[in-house]
2 protein chains.
Amino acid sequence: MTIHISDSAQREGFKPCAHDYQVNCGNCRLNSICLPLALESDDIAQLDEIIQRSKPLQKGQHLYREGDDFQSVFAVRSGSIKAYKTTDDGREQVTGFYFPGEILGMDGISKNQHASSAKALETAAICEIPFASLEKLSAVMPSLQRHFFQLMSREITDDQVLITLLSKNSADERVAALMLSISTRNARRKLSATQFRLPMSRVDIGNYLGLTVETVSRVFSRMQKMEILKVDNKEIEILDLEGVRAMANVTS
Amino acid sequence: MTIHISDSAQREGFKPCAHDYQVNCGNCRLNSICLPLALESDDIAQLDEIIQRSKPLQKGQHLYREGDDFQSVFAVRSGSIKAYKTTDDGREQVTGFYFPGEILGMDGISKNQHASSAKALETAAICEIPFASLEKLSAVMPSLQRHFFQLMSREITDDQVLITLLSKNSADERVAALMLSISTRNARRKLSATQFRLPMSRVDIGNYLGLTVETVSRVFSRMQKMEILKVDNKEIEILDLEGVRAMANVTS
DNA sequence: ATGAGGCGTTGATGTGAATCAACGTCCCCG
DNA sequence: CGGGGACGTTGATTCACATCAACGCCTCAT
């Protein structure tokens with residue numbers, strides 16, 4: 001089977017490797033997040049076949065860059081990734097953070113070129129899913145086709161949530177909402193919903209939320225003073241989930 | 001063939017109708033926008049088969065509402081549609097405007113429920129594409145499958161552009177960028193890139209761009225004073241395209 | 001050990017857009 | 001014909017967040 005890797009990935013050392021990580025979709029702890037489909041184990045084997053695992057990405061390395069040829073979408077197996085676009089005037093807009101079990105790179109399909117860049121926030125293991133193979137397999141596996149339509153749709157609805165957050169909510173609400181989002185996604189991976197380490201810097205948070213570093217920092221301080229959140233550098237503890245929800249102004 | 005219509009569409013009068021509008025994908029003036037695929041005429045006939053045309057939606061009527069069962073995606077044939085979400089606290093966030101040839105409703109796939117509402121800004125003719133049929137057809141028509149993946153990906157990249165606009169740009173830049181976007185989309189339909197009528201209200205524009213009506217109005221006034229735009233209520237004329245580009249702060 | 005550079009926090013000041021308010025226009029309906 | 005309501009504009013004031021500035025704490029290279 002031909003192996004496809006994007007240019008920048010190749011540049012920075014994302015290489016398929018012979019080393020057996022003893023991981024496959026069938027035994028992957030994350031498959032309920034990554035592949036929530038009623039796949040026959042036979043189907044999973046086929047999917048496994050096209051997925052390429054590789055040696056981990058180091059902090060700061062790029063998985064792909066805006067403008068790179070689009071060949072694959074990627075699933076995060078461990079670590080975390082930030083996706084971002086560069087604006088006309090050279091500034092950076094963070095468009096998303098991706099944690100284990102989550103899939104990124106789908107924005108590249110439309111123009112056959114990645115529409116954003118993706119960079120490791122910490123050491124990260126990645127599964128590469130060549131899109132051409134995925135398309136072929138989808139045509140014969142209706143549940144896989146459906147799953148990918150759903151994944152892309154999910155990305156759209158997530159973006160709409162961010163649009164609303166940026167357009168309608170205060171700095172307090174935005175930061176609180178991000179904390180809740182990370183908490184929820186942690187819980188989905190059977191990790192603590194109340195204690196976690198933020199892999200991204202304050203700059204990245206501000207950039208994602210349309211705020212300056214200073215504002216993010218002040219919101220954290222305020223939340224500490226209110227005793228709804230404990231912040232120790234990147235270590236976060238949610239002390240009062242209801243309080244954080246109230247600050248985020250969400251009903252759910 | 002079974003006919004699927006969403007609940008709210010049914011409530012408000014979106015009904016398939018026997019009247020022959022003498023429209024099909026093969027002869028539709030918009031097909032280069034809506035279906036930019038190398039489809040055999042045979043394929044187009046098959047696609048035509050599943051698409052349902054109906055009597056036009058009147059201004060203010062809903063095509064679907066947030067929470068409705070997801071059955072179909074929709075293509076605009078004439079008129080225009082606004083898509084919006086309702087926030088927890090009851091406010092409205094406009095997530096997009098859709099013009100002839102454009103496709104909406106794909107955000108409903110992920111949860112099998114529409115994630116936003118869609119309402120006619122003026123009388124609008126719509127093609128309904130039942131998603132179940134589309135999925136089946138996609139499995140046997142690779143170019144159609146590819147096309148839909150691309151459409152969804154396009155929606156993602158468009159949302160990312162809006163995210164960046166909301167997060168990084170001033171009121172002037174946002175309004176100018178919207179004018180350019182409408183201008184470009186008009187040109188794609190072989191209409192004037194410099195003169196057009198805005199189908200949406202100032203409230204909708206503000207809501208989409210994360211601004212108040214007053215601010216939108218002031219930006220328009222400013223653009224008039226600068227003589228780069230002529231505004232007469234909803235009638236817009238771009239007097240100086242480069243000037244508008246400069247205001248939007250875009251290089252392209 | 002040392003100092004430079006990245007990252008985060010806090011305080012003082014400035015500003016762009018929100019808010020509040022008033023008014024004009026258009027259109028529909030009694 | 002008149003009035004109520006939706007929509008748009010413009011001006012005065014306020015305010016949330018950006019900006020500017022200073023400083024503390026790491027870490028890492030010399």
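If you're wondering where the values come from, they're calculated on a predicted model, not measured in any experiment. Letters A, B, ... are given to chains in the order of the sequence lines, protein chains preceding strands, and every chain is numbered from 1. Because only heavy atoms are used, hydrogens play no part in the values below, and waters and symmetry mates are left out as well, while side chains stay in.
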Rounded off to whole Å, could you give me the [atom1]-to-[atom2] distance for the [X] and [N] pair?
X	N	atom1	atom2	value
L198(B)	dC7(D)	CG	C1'	14 Å
F220(A)	dC7(C)	CZ	C1'	14 Å
E214(A)	dG8(C)	CD	P	12 Å
L211(B)	dT9(D)	CG	P	14 Å
R197(A)	dG8(C)	CZ	C1'	14 Å
M200(B)	dG8(D)	CE	C1'	16 Å
N233(B)	dG24(C)	CG	P	17 Å
E173(B)	dG16(C)	CD	P	12 Å

Taking only side-chain nitrogens and oxygens of [X], does any of them come within less than 4.0 Å of OP1 or OP2 of [N]?
X	N	result
T215(B)	dG16(C)	no
S201(A)	dC7(C)	no
T212(A)	dC17(D)	no

*Within a strict 4.5 Å, meaning less than it, do heavy atoms of the V94(A) and F97(A) side chains meet?*
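V94(A) vs F97(A): side chains touch.
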*asked:* Do I238(B) and I228(B) have side chains that approach each other closer than 4.5 Å (heavy atoms only, starting at C-beta)?
replied: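 I238(B) does not reach I228(B) side chain to side chain.
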_Need one value for G210(A): base, sugar-phosphate or nothing, where a base atom within 4.0 Å counts as base even if backbone is also close, heavy atoms only._
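It contacts sugar-phosphate atoms only.
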Among the nucleotides [options], which one has an atom lying closest to any side-chain atom of [X]?
X	options	result
S221(A)	dA18(C), dT9(C), dT10(C)	dT10(C)
K234(A)	dA21(C), dG8(C), dC17(D)	dG8(C)
V231(A)	dT9(D), dT9(C), dC20(D)	dT9(C)
A171(A)	dA18(C), dT10(C), dC17(D)	dC17(D)

*Side chain of R218(B), base of dT19(C): donor and acceptor closer than 3.5 Å?*
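Check passes, donor-acceptor contact within cut-off.
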*Ignoring hydrogens and angles, state whether a donor on the side chain of K230(B) or Q224(B) is under 3.5 Å from an acceptor on the partner side chain.*
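No donor-acceptor contact under 3.5 Å links the two side chains.
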*asked:* Would you say S116(B) and E66(B) are linked by a side-chain donor-acceptor pair, where the criterion is simply a distance under 3.5 Å?
replied: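 Distance-only check fails for E66(B) and S116(B).
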_Salt-bridge criterion met for E102(A) and R185(A) (N-O under 4.0 Å)_ =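 Salt bridge present between E102(A) and R185(A).
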